[in-house]
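Structure first, commentary second.
Along the sequence shown, residues are numbered consecutively beginning with 1. The model shown is predicted, which means the values in this text are computed figures rather than measured ones.
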Amino acid sequence: MRRLRNVKIVATLGPSSSDYATIRALFEAGADVFRLNMSHGTHDEQRARYDIIRQIEADTGRPIGVLADLQGPKLRVGTFANGPEDLAEGQKFRFDLDPAEGNANRVCLPHPEIFAALEVGTTLLINDGKIRVRVDACGADFADCTVTTPGTISNRKGVNVPDVVLPLAALSEKDRADLEFACGLGVDWLALSFVQRPADVLEARELAKGRVAILAKIEKPAAEKAFEEILKVADGIMVARGDLGVELPVEAVPPIQKRLVRKCRAAAKPVIVATQMLESMIESPMPTRAEVSDVATAIYEGADAVMLSAESAAGKYPVEAVKTMDAVARSVESDPTYRDIIVASRVIERKTIADGMVAAAREIAEATEIAAITCYTQSGNSVALVCREKPNVPIIALSPLQPTLRKLCLYWGVHGVQGEVVDRFKQAVIDAARAARDAGFADETKQIVVIAGVPFNVAGSTNILRVASCDERLLSLTDPE
């Protein structure tokens with residue numbers, strides 16, 4: 001019987017992966033979702049990649065998820081008259097709104113919102129935290145600082161302000177244009193950068209108008225502090241460890257990752273662990289042992305997906321990176337300790353009929369020779385609940401709605417199958433048995449658990465659980481209409 005890899009792989013597309021052959025190779029190597037990074041490339045380039053993905057989907061008959069990742073506001077210093085300047089520890093340096101080119105003593109920071117939020121003692125990080133300064137005095141148009149971590153500052157380097165919530169919306173004008181473009185394309189997930197508060201997610205949701213699922217990137221300390229409320233209004237979460245590691249001490253990131261993954265599991269919402277997972281494979285065909293351990297840790301924690309960024313978008317070995325991630329995932333998931341950890345960290349949530357039914361489905365599957373749990377679904381909500389249970393058998397999502405199947409590509413353990421619209425439970429059971437056999441998870445000697453809702457084709461109506469044979473002859477004789 002076929003063995004499904006549970007954790008999903010998200011692969012970013014870019015200059016190294018923009019043609020049909022490479023994207024097809026990434027898919028066949030194990031990529032489940034493709035990320036379009038709106039920080040790089042034109043709309044025409046992104047549209048071409050999207051069209052290739054959908055062509056591969058049609059050619060293979062398998063649903064493929066697409067995630068568009070918005071850039072978010074970029075806070076940068078201005079330019080310098082004499083090129084890069086070295087800042088020494090203890091040196092005084094000013095940031096201001098004066099558009100004149102900078103020098104060894106000052107530079108323009110064209111973001112009045114930053115000055116409005118600064119306080120004495122606030123830390124500013126320059127160039128991904130390589131330079132740190134402390135604010136000694138500030139006003140509406142300036143900040144006088146002392147350099148605490150020296151380094152070289154140069155044109156348009158990024159600025160982070162970890163200590164305060166900035167009065168900035170998560171969506172810039174570019175992001176709004178990119179959001180509309182991505183929704184028009186038909187992407188399945190929209191990743192929102194620079195999230196600081198729940199209102200940022202709600203703003204994106206209002207603009208999306210139900211056309212796409214919203215995934216909040218947790219990359220700022222303010223988002224980590226407001227995580228419970230952000231999780232309530234988001235459809236999914238990305239733990240963006242790169243930016244978190246800039247604005248927080250690096251040693252704080254692993255505990256945060258564990259907490260966020262566990263909270264997402266409890267809420268039955270998918271969580272991606274991202275950034276620098278196989279960073280050395282940008283240049284090398286082999287990862288470091290530390291990187292392999294890092295990927296494995298996220299899988300042991302129960303993350304729904306692990307993500308490749310520059311490794312697959314701009315690296316020399318994009319296909320090898322996906323193959324490596326796939327191999328690590330399969331190795332971890334075949335380890336008996338993996339099941340022990342998953343079971344021990346399972347969160348018990350029993351508030352609705354659907355909660356009870358999916359828990360019963362998982363217990364039946366663990367206690368008997370069940371080949372798969374099959375969910376006939378419209379919205380994907382019942383499938384999300386089954387994913388939370390982390391059963392030890394495959395989860396088959398059977399839906400007549402292609403957008404639902406594409407969205408579910410991000411969820412742990414889900415194998416999506418396009419089904420017909422049905423109005424009888426017997427037909428749903430027959431379709432589920434066929435799907436389990438066709439996918440290689442069962443033969444006619446096996447049984448499956450079928451979860452569905454009556455009336456059919458109504459989201460949120462999960463109310464039936466059936467243990468059924470995969471032998472259609474038995475189903476025809478014994479199953480009620």
>> Would the distance check show the side chain of Lys8 and the main-chain N or O of Cys409 forming a donor-acceptor pair, the cut-off being under 3.5 Å?
In response: yes
> In terms of side-chain heavy atoms, does Thr297 have a donor or acceptor partner in Asp294 at a distance below 3.5 Å?
Replying inline: no
> Under the 3.5 angstrom rule, does the side chain of Thr404 hit a backbone N or O of Gly380 as a donor-acceptor pair?
Replying inline: no
>> Test your reading of the model: is there a side-chain donor-acceptor pair from Ser172 to the backbone of Pro73, 3.5 Å cut-off?
In response: no
> Quick one: side-chain contact (heavy atoms from CB on, under 4.5 Å) partners of Arg134, sequence neighbours excluded?
Replying inline: Asp136, Thr146, Thr148
> Which residues satisfy the side-chain contact (heavy atoms from CB on, under 4.5 Å) test with Thr123, sequence neighbours excluded?
Replying inline: Leu125, Arg132, Asp163
> By side-chain hydrogen bond (donor to acceptor under 3.5 Å, both in side chains), which residues pair with His43, not counting sequence neighbours?
Replying inline: Asp178
> Once you round to the nearest 0.5 Å, how far does OG of Ser18 lie from CD of Gln46?
Replying inline: 8.0 Å
>> A side-chain contact here means heavy atoms from C-beta on lying under 4.5 Å apart; do Val386 and Pro391 qualify?
In response: yes
>> Return the CG to CD1 distance between Leu67 and Ile272, rounded to the nearest 0.5 Å.
In response: 5.5 Å
>> One thing to verify: whether Glu28 and Arg62 come together as a salt bridge, which I'm taking to mean a side-chain N less than 4.0 angstrom from a carboxylate O.
In response: no
> Just how far is it from atom OG of Ser293 to atom OH of Tyr300, taken to the nearest 0.5 Å?
Replying inline: 9.0 Å
Mind listing the side-chain donor-acceptor pairs of residues 183-190 below 3.5 Å, one per line with the distance, residues two or more places apart or on another chain?
unit_1, atom_1, unit_2, atom_2, d
Asp188, OD2, Arg54, NH2, 3.0
Asp188, OD2, Val66, N, 2.8
Trp189, NE1, Lys407, O, 3.1

> So which of Val246, Val250, Leu244 actually passes side chain to side chain contact (heavy atoms under 4.5 Å, CB included) with Leu248?
Replying inline: Leu244
>> Do Ile237 and Phe227 make a side-chain contact, defined as non-hydrogen atoms from C-beta onward lying under 4.5 Å apart?
In response: yes
> Who pairs with Asp141 by side-chain contact (heavy atoms from CB on, under 4.5 Å), at least two apart in sequence or on another chain?
Replying inline: Leu97
>> Tell me the closest heavy-atom pair linking Val306 and Ala298, and the distance in Å.
In response: CG1-CB, 3.9 Å
> Would you call Arg47 and Asp51 a salt bridge, taking side-chain N to carboxylate O under 4.0 Å as the test?
Replying inline: no
Show me the side-chain donor-acceptor pairs of residues 152-162 shorter than 3.5 Å, one per line, residues at least two apart or across chains.
unit_1, atom_1, unit_2, atom_2, d
Thr152, OG1, Asp86, OD1, 2.6
Asn155, OD1, Phe80, N, 2.7
Asn160, ND2, Glu247, OE2, 2.8

>> Just checking Glu206: does its CD atom have more than 12 heavy atoms from other residues, nucleotides or ligands closer to it than 6.0 angstrom?
In response: no
> If every non-hydrogen atom of Met307 is compared with every non-hydrogen atom of Met325, which pair is closest and at what distance?
Replying inline: O-CE, 4.0 Å
> Minimum heavy-atom separation for Ser17 to Ser312, with atom names?
Replying inline: OG-O, 2.8 Å
> How long is the gap from CD on Glu203 to CZ on Arg197, to the nearest 0.5 Å?
Replying inline: 9.5 Å
> Side chains of Glu101 and Cys108: does their closest heavy-atom pair fall under 4.5 Å?
Replying inline: no
> For the side chain to side chain contact (heavy atoms under 4.5 Å, CB included) test, which of Leu75, Val77, Leu168 pairs with His111?
Replying inline: Leu75
> Are Arg5 and Glu333 within salt-bridge range, i.e. N to O under 4.0 Å?
Replying inline: no
>> Contact between Arg265 and Ile342 at the side-chain level, heavy atoms closer than 4.5 Å - yes or no?
In response: yes
>> Can a donor-acceptor pair be found, under 3.5 Å and without considering hydrogens, that links the side chain of Lys174 to the backbone of Met38?
In response: yes
>> Can you give me the closest heavy-atom contact between Ile256 and Glu224, atom names plus distance?
In response: CG2-CG, 3.8 Å
> With a cut-off of 6.0 Å (strictly less than), are more than 12 heavy atoms of other residues, nucleotides or ligands near NZ of Lys225?
Replying inline: no
> Would Thr42 and Asp44 count as having a side-chain donor-acceptor pair, cut-off 3.5 Å?
Replying inline: no
> From Ile131 CD1 over to Leu87 CG, what is the distance, rounded to the nearest 0.5 angstrom?
Replying inline: 5.0 Å
> How far apart are the C-alpha atoms of Val164 and Leu166, what are their side-chain angles, what is the distance that settles it, and do they pass the side-chain contact (heavy atoms from CB on, under 4.5 Å) test?
Replying inline: CA-CA 6 Å; Val164 298; Leu166 295 174; 3.8 Å; yes
> Have Gln196 and Asp200 got a donor and an acceptor in their side chains that come within less than 3.5 Å?
Replying inline: no
>> Show the nearest heavy-atom pair for residues Ser193 and Ala170, with the distance to one decimal.
In response: O-CB, 3.5 Å
> Partners of Arg346 by side-chain hydrogen bond (donor to acceptor under 3.5 Å, both in side chains), sequence neighbours excluded?
Replying inline: Glu366
> Do any N or O atoms from the side chain of Gln91 and from the backbone of Ala104 form a donor-acceptor pair under 3.5 angstrom?
Replying inline: yes
>> Between Glu311 (side chain only) and Leu278 (backbone N and O only), is there a donor and an acceptor less than 3.5 Å apart?
In response: yes
> What residues form a salt bridge (Lys or Arg N to Asp or Glu O under 4.0 Å) with Lys130, not counting sequence neighbours?
Replying inline: none
>> Within the 4.5 Å heavy-atom criterion, are Asp32 and Ile9 side-chain neighbours or not?
In response: yes
>> If you count heavy atoms of other groups shown closer than 6.0 angstrom to NZ of Lys323, is the number above 12?
In response: no
>> Within the supplied structure, the quantity of interest is the number of heavy atoms (other residues, nucleotides, ligands) at a distance under 6.0 Å from Arg262 CZ; does it exceed 12?
In response: no
> What residue pairs, at least two apart or across chains, pass ring-ring contact (aromatic ring centres under 6.0 Å, His included) with a residue in residues 10-38?
Replying inline: none
> In chain order, what residues pass the side-chain contact (heavy atoms from CB on, under 4.5 Å) check against Asn105, with sequence neighbours excluded?
Replying inline: Asn103
> Is the closest side-chain donor-acceptor distance between Thr337 and Asp340 under 3.5 Å?
Replying inline: no
> Residues two or more places apart in sequence or in another chain: which of them pass side-chain hydrogen bond (donor to acceptor under 3.5 Å, both in side chains) with Lys232?
Replying inline: Glu229
>> Any non-hydrogen side-chain atom of Cys138 less than 4.5 Å from a side-chain atom of Glu119?
In response: no
>> Just to verify, what does Gln257 make a side-chain hydrogen bond (donor to acceptor under 3.5 Å, both in side chains) with, not counting sequence neighbours?
In response: Arg241, Glu301
> Taking the side chain as C-beta and beyond, is there a heavy-atom pair between Leu410 and Leu215 under 4.5 Å?
Replying inline: yes
> Minimum heavy-atom separation for Ala208 to Ile214, with atom names?
Replying inline: CB-CD1, 4.2 Å
> Quick one: are Asp304 and Val271 in side-chain contact, heavy atoms under 4.5 Å?
Replying inline: yes
> Charged N to carboxylate O below 4.0 Å: is that the case for Glu180 and Lys209?
Replying inline: no
>> For Lys316, is there any backbone N or O sitting under 3.5 Å from a side-chain donor or acceptor partner on Glu283?
In response: no
>> So, taking the atom named CG in Leu70 and the one named CG in Leu171, what distance separates them when rounded to the nearest 0.5 Å?
In response: 6.5 Å
